[in-house]
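Notes for the one structure printed next.
Fair warning: this is a prediction, and the values are worked out from it, not measured in the lab. Just the heavy atoms: all of them, side chains too, but no hydrogens, waters or symmetry mates, feed the values below. Order of the sequence lines fixes the chain letters, A, B, ..., with proteins taken first and strands second; residue numbering starts at 1 for each chain.
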Amino acid sequence: VKNCLRVLRAERSWSQADLAEKLGVSRQSVNAIETGRFDPSLPLAFRLAALFQLPIESIFSE
Amino acid sequence: MPLFCRKNMTPLQRRSMQLMGSAMLFTVLTNFSNPGLPNPLLDVFPFLARYVFSRTPAAVVAVSVLAVLPVLFAVWVAARYLQAEPDEFVRALVVRALLWGIAVTMAGDAVAGALMSVYGRPFPLAVLNADLFFVATGIAFRLVQWSYR
């Protein structure tokens, strides 16, 4: 699953650590999701969508 | 900073690591399979030696049941940690590391079993298993984490 987390994060000038803190996960988790090496669960995807105020499908794509 | 680093652990992770350390100590304390191995309990309570090495049916059952307790305790600690860990990525890493730990332990058991059969010399597998499992899991966690860099 591909995602545009890095772009969304850069638009808000957030570091990986900032995003991790807002999501309540480790910085390594954010890095693994951003690079596409780890697919987040649905609850975490919903949390990301809520945080960026975007629908899930505009953040993640196949 | 790496995950599970001493300065970077959540209270849950710190507590679980302490409990796992207790499980290692528990393994040594409940190992009465070989009188040649050090056991601090026997140093403190020397009269226990007469009972546990008597090889009466009751003593044999007691020694066998005692050997199971640290394993169950370690499984309980791991299950409790995995249930409470809020970070799903860390959870996935820990599960993979635990599986590698179990795999290495089973492989070690196979090798130890073969060597014991060939040379006819028994060795307390509980202590070997604990050492193999904890060391292999720790190394596997670092390697698995490194693979995501």
Indicate if V75(B) and M17(B) have the same hydrophobic cluster label, given that clusters are the connected sets of ILVMFWY residues with side-chain heavy-atom separations under 4.5 angstrom. no

Determine whether a donor-acceptor pair (N or O, by modelled atom type, separation under 3.5 Å) exists between the side chain of E88(B) and the backbone of S41(A). yes

Any side-chain to backbone donor/acceptor pair from D87(B) onto S26(A)? Under 3.5 Å, distance only. yes

For S147(B), is it the side chain, the backbone, both or neither that has a heavy atom under 4.5 Å from a heavy atom of chain A? backbone

Does atom CD (E21(A)) have a neighbourhood of more than 12 heavy atoms from anything else shown, all under 6.0 Å? no

Spacing of F89(B) atom CZ and R37(A) atom CZ [to the nearest 0.5 Å]: 8.0 Å

Check this for me: W14(A), atom CH2, are more than 12 non-hydrogen atoms of other residues, nucleotides or ligands nearer than 6.0 Å? yes

Can you confirm whether Q28(A) sits close enough to Y148(B) that some side-chain heavy atom of one is under 4.5 Å from a side-chain heavy atom of the other? no

Heavy-atom distance under 4.5 Å to chain B: side chain of P43(A), backbone, both or neither? neither

Take atom CZ in R15(B); do more than 12 heavy atoms of anything else shown fall under 6.0 Å from it? no

Counting only heavy atoms not in R50(B) (residues, nucleotides, ligands), do more than 12 fall under 6.0 Å from its CZ? no

